[in-house]
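Residue numbers run from 1 in the order of the sequence given.
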Amino acid sequence: MTTTTLNGAQILDDVQAFLSRFNAFPDEHCAPMLALWYAHTWAAEHFYITPRLVLSSAEPGSGKTRVLEVSRHLVRTPEMTFSATPAALFRMVGAGPLTILFDEVDAIFDSKGGGNEDLRALVNAGYKRSATVARCKGDAGNMVIERFPVYAPAALAGIAGRMPDTITTRAITIHMRRRRPDERVEAFRERTVEEQSAPIREALATWMEVVGERVGAAYPDMPEGVTDRAAEIWEPLLAIADFAGGRWPETARAACLHFVKAAQTNPTSERIRLLADLRSVFSDRGVTRMSTVEILAVLHSMDEAPWGDYYGRPINARQLAMELSAYGVKVTAFKNGAKTFKGYVIDGPNGLGDAWARYLPEPKSDENSEGEH
């Protein structure tokens, strides 16, 4: 195939069709997003950022590893690993180019997404092209600072809830599910997959080599409402889709809106979840202020929320105040009849309203009424 006969739309169609043979995805937007993500690995050096790809699931056996196995035959210079040390990864990425495919990554973080700061630093910093991570080298008498380049595409698979927020906010996340009995996929046979994927991978690599520099310099139009970090993450994929043409510009933007909306619907941290739950509490009661005692009672009663078992016990007034103080929200004294209460209000410089406006997506309707408690 010569560069003059390359058809970007057809190449992406072939990539999507191939990966869809072996994976059952939760929705129609996953396969085209993956095709674009695979393509971007072949031109990552031309982009300012490389979006992380996160594959999560509530339970094992949901197809995360299979996605990585197929990816290994379509991305640029794959390094599929289960337990590589941060030191080894630093050196492999530095020797690049490399695409990290990290399976069972949840096993190296604790239940709250903490732990293993070196790996977290590599994955966090490595999504920007200019990033380096400094580490000390040598013994105490001859210590020098070595800066490791860490920019590299990375896909990480693990159980939902174990991925650090600092990683998920830099990622496009697919929430994988176990296949139903009626969802059929082809058997994954390594030798067959390797043979059949070779011409598709070659075409993808050749096309991206031809258009990569121009794609990297493009500024694609974002769908309405996609801004800031979300726009930064999706810019490489939309730029590739625009250069491919055909159905891909529209398909890519539909996928973008789908994943961005899903990320907004699923809070990326417990603090964001707390803000969202408090907005619902105030809205459901049609109030503009509530006492701490009443707020805690409602939070503790939320069956699907973490507030009834917050690090081993129900969240208390001190913890609530500490979490909200990060957003400038403070406890306020107010009167209700002859009594004075301490609690939280929507309006004012220390109120919840400003935090809701800054950190939560717009509510579907006006959640705040004029009533008060």
Side-chain angles (χ1 to χ4, degrees), residues 1 3-44 46-55 67 70-71 74-76 127 153 155 170-177 183 200-201 203-266 361-362 364:
M1 180 181 291
T3 58
T4 58
T5 63
L6 290 173
N7 182 321
Q10 184 60 58
I11 291 169
L12 290 177
D13 285 346
D14 292 343
V15 173
Q16 178 178 336
F18 185 81
L19 67 93
S20 297
R21 289 167 51 189
F22 307 99
N23 299 283
F25 294 111
D27 58 70
E28 62 181 328
H29 303 290
C30 297
M33 182 276 289
L34 285 172
L36 291 166
W37 193 87
Y38 297 165
H40 107 280
T41 68
W42 293 95
H46 298 298
F47 299 114
Y48 177 62
I49 72 103
T50 169
R52 273 55 187 109
L53 173 64
V54 167
L55 305 163
V67 174
V70 176
S71 301
L74 295 168
V75 300
R76 182 183 187 180
Y127 95 116
R170 292 168 168 81
I172 301 169
T173 299
I174 298 180
H175 299 284
M176 298 292 291
R177 301 178 301 197
E183 292 179 315
I200 299 173
R201 182 178 65 253
L204 183 61
T206 303
W207 176 55
M208 290 309 299
E209 183 179 0
V210 171
V211 303
E213 187 171 351
R214 286 177 289 160
V215 170
Y219 293 95
D221 293 331
M222 289 292 147
E224 184 69 27
V226 179
T227 60
D228 302 327
R229 178 66 63 78
E232 184 179 62
I233 288 171
W234 275 90
E235 184 172 283
L237 306 194
L238 295 185
I240 291 170
D242 287 346
F243 268 76
R247 70 179 178 93
W248 280 92
E250 181 180 356
T251 298
R253 283 166 175 81
C256 173
L257 285 172
H258 169 78
F259 284 104
V260 170
K261 182 179 179 181
Q264 293 174 341
T265 303
N266 299 301
E362 287 289 331
K364 294 181 180 179

**Taking every non-hydrogen atom, the tightest pair across H40 and P51** = NE2-CD, 3.7 Å
**Prompt:** Given side chains that start at C-beta, do those of L238 and M222 come closer than 4.5 Å, heavy atoms only?
**Reply:** yes
**Complete:** One should read off an interatomic distance between L19 CG and C30 SG, to the nearest 0.5 angstrom, of 10.0 Å
**Request:** Could you walk me through whether L257 and H29 pass side chain to side chain contact (heavy atoms under 4.5 Å, CB included), step by step?
**Result:** CA-CA 10 Å; L257 285 172; H29 303 290; over 6 Å; no
**Prompt:** Stepwise, does the side chain to side chain contact (heavy atoms under 4.5 Å, CB included) test hold for I49 with E235?
**Reply:** CA-CA 9 Å; I49 72 103; E235 184 172 283; over 6 Å; no
**Asked** Checking W42 side chain against L74 main chain: does a donor-acceptor pair fall under 3.5 Å?
**Response** yes
**Prompt:** If we only count heavy atoms from C-beta on, is the H258 to C256 side-chain gap below 4.5 Å?
**Reply:** no
**Item:** Residue that, paired with I172, satisfies side-chain contact (heavy atoms from CB on, under 4.5 Å) out of V260, V54, L237
**Value:** L237
**Request:** Please confirm whether the backbone N or O of P153 pairs with a side-chain atom of R76, one donor and one acceptor, at under 3.5 Å?
**Result:** no
**Complete:** When rounded to the nearest 0.5 Å, the distance separating CD of Q16 from OG1 of T251 is 7.5 Å
**Request:** Any pair with a residue in residues 215-249 that passes ring-ring contact (aromatic ring centres under 6.0 Å, His included), sequence neighbours left out, goes on the list, sorted by first then second residue, please.
**Result:** none
**Asked** Is it the case that more than 12 heavy atoms not belonging to E183 sit under 6.0 Å from its CD atom?
**Response** yes
**Request:** Identify whether the distance between the nearest side-chain nitrogen and carboxylate oxygen of R177 and D27 falls below 4.0 Å.
**Result:** no
**Prompt:** Hey, what do you get for CD1 (I200) to CG (D13), rounding to the nearest 0.5 Å?
**Reply:** 11.0 Å
**Asked** Going through the distances and angles, do L53 and M33 end up as a side chain to side chain contact (heavy atoms under 4.5 Å, CB included)?
**Response** CA-CA 10 Å; L53 173 64; M33 182 276 289; 3.8 Å; yes
**Request:** Decide yes or no for P236 and W37: does some side-chain heavy atom of the first lie under 4.5 Å from some side-chain heavy atom of the second?
**Result:** no
**Asked** What is the distance from atom CD1 of I11 to atom OG1 of T206, rounded to the nearest 0.5 Å?
**Response** 7.5 Å
**Prompt:** Considering all heavy atoms of both residues, which atom of S20 and which atom of A31 are nearest to each other, and what is their separation?
**Reply:** OG-CB, 3.5 Å
**Message:** Apply side chain to side chain contact (heavy atoms under 4.5 Å, CB included) to residues L34 and I174 and explain how you reach the verdict.
**Reply:** CA-CA 10 Å; L34 285 172; I174 298 180; 4.1 Å; yes
**Asked** Just by modelled atom types, is the Y38 backbone N or O under 3.5 Å from a matching donor or acceptor in the T41 side chain?
**Response** yes
**Prompt:** Yes or no on salt bridge (Lys or Arg N to Asp or Glu O under 4.0 Å) for D242 and R214, after CA distance, side-chain angles and deciding distance?
**Reply:** CA-CA 11 Å; D242 287 346; R214 286 177 289 160; over 6 Å; no
**Asked** Closest heavy-atom contact between A244 and L12?
**Response** CB-CD1, 3.5 Å
**Message:** Checking R253 against D221 for the salt bridge (Lys or Arg N to Asp or Glu O under 4.0 Å) test, could you report, in this order, the C-alpha distance in whole Å, the side-chain angles of both residues, the deciding distance, and whether it holds?
**Reply:** CA-CA 9 Å; R253 283 166 175 81; D221 293 331; 5.6 Å; no
**Request:** Can you see which heavy atom on G245 is nearest to which on A9, and at what distance?
**Result:** O-CB, 3.8 Å
**Request:** Output all residues satisfying salt bridge (charged side-chain N to carboxylate O under 4.0 Å, His left out) with E232, sequence neighbours left out; order by chain, then residue number.
**Result:** R229
